[in-house]
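Right, one structure below, let's go through it.
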There are 4 protein chains.
Amino acid sequence: MREKDENRRQHILDVTTKMIISEGISGVTLTKVAKAAGISQSNIYIYFKDKADIVKQTFLSRKQIIGDYLMFHYSPKGSAIENLTLFARALYQFAIEDPDDMALIQQFNASPVLATLDLSQEEAELNFDQIFKELKQGVEDGELREMDPDVILTMGFVTITTYAQRVAAKTIDPVTTPLSAVIDMIIAASRKPA
Amino acid sequence: MREKDENRRQHILDVTTKMIISEGISGVTLTKVAKAAGISQSNIYIYFKDKADIVKQTFLSRKQIIGDYLMFHYSPKGSAIENLTLFARALYQFAIEDPDDMALIQQFNASPVLATLDLSQEEAELNFDQIFKELKQGVEDGELREMDPDVILTMGFVTITTYAQRVAAKTIDPVTTPLSAVIDMIIAASRKPA
Amino acid sequence: MREKDENRRQHILDVTTKMIISEGISGVTLTKVAKAAGISQSNIYIYFKDKADIVKQTFLSRKQIIGDYLMFHYSPKGSAIENLTLFARALYQFAIEDPDDMALIQQFNASPVLATLDLSQEEAELNFDQIFKELKQGVEDGELREMDPDVILTMGFVTITTYAQRVAAKTIDPVTTPLSAVIDMIIAASRKPA
Amino acid sequence: MREKDENRRQHILDVTTKMIISEGISGVTLTKVAKAAGISQSNIYIYFKDKADIVKQTFLSRKQIIGDYLMFHYSPKGSAIENLTLFARALYQFAIEDPDDMALIQQFNASPVLATLDLSQEEAELNFDQIFKELKQGVEDGELREMDPDVILTMGFVTITTYAQRVAAKTIDPVTTPLSAVIDMIIAASRKPA
DNA sequence: CATGAATGAGGATTCATTCAT
DNA sequence: AATGAATGAATCCTCATTCAT
């Protein structure tokens, strides 16, 4: 019973995720969500406070998913460069396996709607603490370029996700332009020049 | 007379731009646009076909602005690396001078709404033909890394705009982390390794 | 044109008045008001800000009507007792001629809804300033009983309106129990005992 | 067990009473009643048939309370005038001790909602049979003014309750304007003039 | 006895759009 | 060119009520 409830809640979030990806955040309507989820509109209010809550929970659940994935697949082992490589691979893998959630996160990040969802600072941000710390250490150790780790991280993040999107869209051929080459590029950008 | 009309049209687009930036594309309503523009709702239909048209024209006008700016401030002169540097500077300058239009473009790019606006391929994309050509040439000449020029361009674009945003938000201090350092990073990523 | 607008506005208020009288304030629904007024629901919003505004304006318009009536039909001429008599007659006449508006006012006065309508003190109260002043003077002059004029006024007001209601409902026969007898009663209550 | 049920039922009525007083009859919602009573919405249907039933029972229970109070505190002993005095005192006392229930009764009396509650004639009216009979007798005996006893009763009732309300609201000072003076006024109105 | 889930109907309000002027 | 009036459809949300447990 409890399980069934949670299932239905999840189902609503899934349906909303798909809707956001295909029609944008503006495209989300409770009428449409209810219809797509196969429930009555009023039923939604058992699981969520209001529309903003649905959107918020949708975002948080996808953030959770990507966070869990990275937590599981990325474990820093060696130098900052090595860790950056591992992280890039994990991120790429996620973007390939779960392009929907990736797209959703990116859409939220670009939209001012995120700011209206009264999320805590922590909730609003992707949790990249671990890799961020590694990068920071790398900069301090002189292994990485003297640069705000945030800029390095964003550069790497967007480069990887863009690459993954184009691979998925078959705009880029991963045979002639392999992931390793992209990672090399990121490393070249990040490593401290001799 | 003609001129006056064009002014009013422009005014509507400006108002819409601000609205998209502050409230997202979903936040745009003709009611609000009319009120913000100080005209009557029905009046809008003299200048635009329907709501989708306003959104579309808003996007196109901002794309035009950034395109014009780069056209004017970026003229390729030398090697691919040199051109990339010039381009990065022009882009940074634009992002600092006109953060609103920059933000609008980025928001559109991340949103599926763009796809619903029946824009031609050409209309939908930022016109970076020139720099794209230079980069392509640079790759062919062996000056740049063997990599899809698109990936290089995206990497550079996002790195610069992210940096500019954080400078504007005072999250990054441009004295300790100057633009030149960011450009160095981009170049390191792009240049073909020895 | 202007006239037509005002007519429609008035029409909405009239329809709302009838609805409040027959079904209570809780019975008012924009759907029903629109249907009864023969206009579309959204059209209402051209004339009124929201539902509360309709209810408020309905109350105010009826208050205005009773106020105008009394202003026109009651002009104090002599002693407090004489004036009280004149006032009672005017009030009775109004209650007979326009029982609907009378009923509406009474319903509002008994309901806490009135307090939620953010009316100014002045707007919320029936404007009985004139007779109130006369009564006060009468008390000071020793003509009337030493009593808060408000209590006298309320006593008189309710006695007259109750009487009028019962006459209208044919619960009381005005031949065997004429208005004059009721007024005598009110006077007996108000006059200072010898 | 049985007792516990009755307690809960009473609790629901109490909660509803408060809600009606503070927000009007229109303000009553089963959702809110349930929340305020600390029970689940569906639970209400164990104790009451439907929403109308709750409202109806609320009214009846308060009518019962005021009736019981007067039954207990008012016992006619002498002439009509003396009885009227006793009754007025009892009524005043009740209005002071239990202003909520008094306010509820008055609100119902002014509202057409009462008519929709399919109450019998007897249920709908306040049970003032006793005093009514005394007044009628008084009129017949020539002790009271020749007047419909109903008008006398209403006059007296409203005068007392209005006075009590203003005393409670501290709009009237009971020291300078004591209850006895108000009763004198009522008596003056009721007594047959010499 | 008690409740959480579920729902259809209806609530107020806003929207994009059209039309007469 | 400009606008105020008008509206139907759609928005989010609440309501009273039922049902399975």
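Numbered from 1 within each chain, the chains take letters A, B, ... in sequence-line order.
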Flag, side chain of D:Lys63 to backbone of D:Glu123, donor-acceptor distance under 3.5 Å: yes
DNA chain E: 5'-proximal contact among A:Asn43 and B:Asp50 (nearest heavy atom): A:Asn43
C:Arg9 CZ - F:dA6 C1' separation (whole Å): 18 Å
d(CD1, C:Ile12; C1', F:dA5) in whole Å: 12 Å
Whole angstrom value for the distance that separates C1' of F:dA2 from CZ of B:Phe48: 16 Å
Side-chain (B:Thr29) to main-chain (B:Lys32) donor-acceptor, under 3.5 angstrom: no
Touch class at under 4.0 angstrom, heavy-atom based, for C:Ile46 against every strand present: base
Interatomic distance, B:His11 NE2 vs F:dA2 C1' [rounded to whole Å]: 15 Å
Identity of whatever pairs with E:dG11 - Watson-Crick or G-U, under 3.5 angstrom: F:dC12
Phosphate OP1/OP2 of E:dC1: any D:Arg8 side-chain N/O under 4.0 Å: no
Base-pairing mate for E:dT18 - Watson-Crick or G-U, with both contacts under 3.5 Å: F:dA5
Whole-Å gap separating P (F:dT17) and CD1 (D:Ile44): 10 Å
Sugar-phosphate only, base, or nothing, as touched by D:Val28 at under 4.0 Å among non-hydrogen atoms: sugar-phosphate
Base of E:dG11 paired with side chain of C:Thr31 (donor-acceptor, under 3.5 Å): no
F:dC13 base / A:Gln41 side chain donor-acceptor hit below 3.5 Å: yes
Donor/acceptor link under 3.5 angstrom from C:Thr29 side chain onto base of E:dG11: no
Closest non-hydrogen atom pair, B:Ser22 against A:Pro112: O-CB, 3.8 Å
Euclidean distance, C:His11 NE2 relative to C:Tyr47 OH, rounded to 0.5 Å: 11.0 Å
Nearest-nucleotide 5' precedence on DNA chain E, B:Ala52 against C:Lys51: C:Lys51
Length of the line joining B:Leu30:CG and E:dT14:P, which is rounded to integer Å: 15 Å
C:Asp14 with C:Arg62: basic N within carboxylate O range, under 4.0 Å: yes
Rounded distance in Å - OH (A:Tyr47) to C1' (E:dT7): 12 Å
Nearest-nucleotide comparison on DNA chain F, the residue closer to the 5′ end among A:Lys49 and D:Lys49: A:Lys49
5'-most by nearest nucleotide on DNA chain F - B:Ile39 or A:Ser42: B:Ile39
Rounded interatomic separation in angstrom, taking CD1 from B:Ile54 and C1' from E:dT17: 12 Å
